[in-house]
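First up is the structure itself, then whatever we jot down about it.
Note that these values count all heavy atoms, side chains included, but never hydrogens, waters or copies made by symmetry.
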Amino acid sequence: MRKNIFQIVKAASAAIIASLIFVLFFTLVIQLFSIPLGVVKPVNQVFKILSIVVGGLIFIRGDKGWLKGIIYGLIAVLATYLLYGAISHSLSISWKFIIEILLGTVSGAITGIIAVNIKKNV
């Protein structure tokens, strides 16, 4: 049990850190090039999903990868949402946030399944 919790915490932490790195890099790209603001939200969604994938592939092992994935995906989405909300001084819950939670949990579940099966075969 403790091992599973530790895997989830590490995967969620890695996803949050990866998301921050992606966003910082994208902010630099926006500053250097004239990128339309309409592109920012979809790109940020892709970065969050990629971050969840990165965290899961690195840290999820053992069994019940789908469950671990759902949990760390949910934690990563909530934490990044709160973090970005605190940075931008705006937190609002809407249907888009619900979709973001669903994307994060589904991404986490799929990544968890893949991660535990990759680890078994290696």
Side-chain angles (χ1 to χ4, degrees):
M1 174 77 164
R2 187 176 189 185
K3 184 174 152 183
N4 291 335
I5 292 171
F6 197 55
Q7 284 181 21
I8 291 167
V9 169
K10 288 192 303 186
S13 299
I16 294 164
I17 292 168
S19 180
L20 284 171
I21 291 169
F22 285 142
V23 168
L24 287 173
F25 175 74
F26 189 55
T27 302
L28 179 65
V29 170
I30 289 172
Q31 295 294 321
L32 294 175
F33 305 102
S34 59
I35 295 177
L37 290 178
V39 174
V40 173
K41 287 193 182 220
V43 170
N44 281 339
Q45 290 299 338
V46 170
F47 287 158
K48 286 181 185 181
I49 291 170
L50 287 175
S51 300
I52 290 170
V53 170
V54 167
L57 289 178
I58 294 172
F59 291 109
I60 298 299
R61 293 177 174 79
D63 57 351
K64 296 185 183 174
W66 63 273
L67 181 60
K68 293 175 191 176
I70 288 172
I71 295 169
Y72 90 82
L74 180 64
I75 291 170
V77 168
L78 292 175
T80 55
Y81 187 78
L82 291 172
L83 182 64
Y84 295 148
I87 291 170
S88 67
H89 301 292
S90 67
L91 281 174
S92 63
I93 297 178
S94 68
W95 63 273
K96 292 179 183 177
F97 178 61
I98 303 302
I99 291 173
E100 192 171 321
I101 289 174
L102 289 173
L103 282 172
T105 55
V106 169
S107 300
I110 292 169
T111 303
I113 291 167
I114 292 169
V116 297
N117 286 311
I118 288 173
K119 305 296 188 220
K120 285 180 183 178
N121 295 332
V122 174

Could you grab the distance from atom [atom1] of [X] to atom [atom2] of [Y], nearest 0.5 Å is fine?
X	Y	atom1	atom2	result
S107	I70	OG	CD1	11.0 Å
F59	Y72	CZ	OH	11.0 Å
T80	I52	OG1	CD1	7.0 Å

* Apply salt bridge (Lys or Arg N to Asp or Glu O under 4.0 Å) to K68 and list each qualifying residue two or more places apart in sequence or on a separate chain. => none
Is the shortest side-chain heavy-atom distance between [X] and [Y] below 4.5 Å?
X	Y	answer
V77	T105	no
I75	I71	yes
I101	L78	yes
W66	V116	no
V23	Y84	yes
N4	L67	no

* Name the one of V40, V43, V29 that satisfies side chain to side chain contact (heavy atoms under 4.5 Å, CB included) with I35? -> V29
* Do I49 and F22 belong together in a cluster built from hydrophobic side chains that touch within less than 4.5 Å? -> no
* To do: Check the surroundings of atom CG in L32: do more than 12 heavy atoms from other residues, nucleotides or ligands lie under 6.0 Å from it?
  => yes
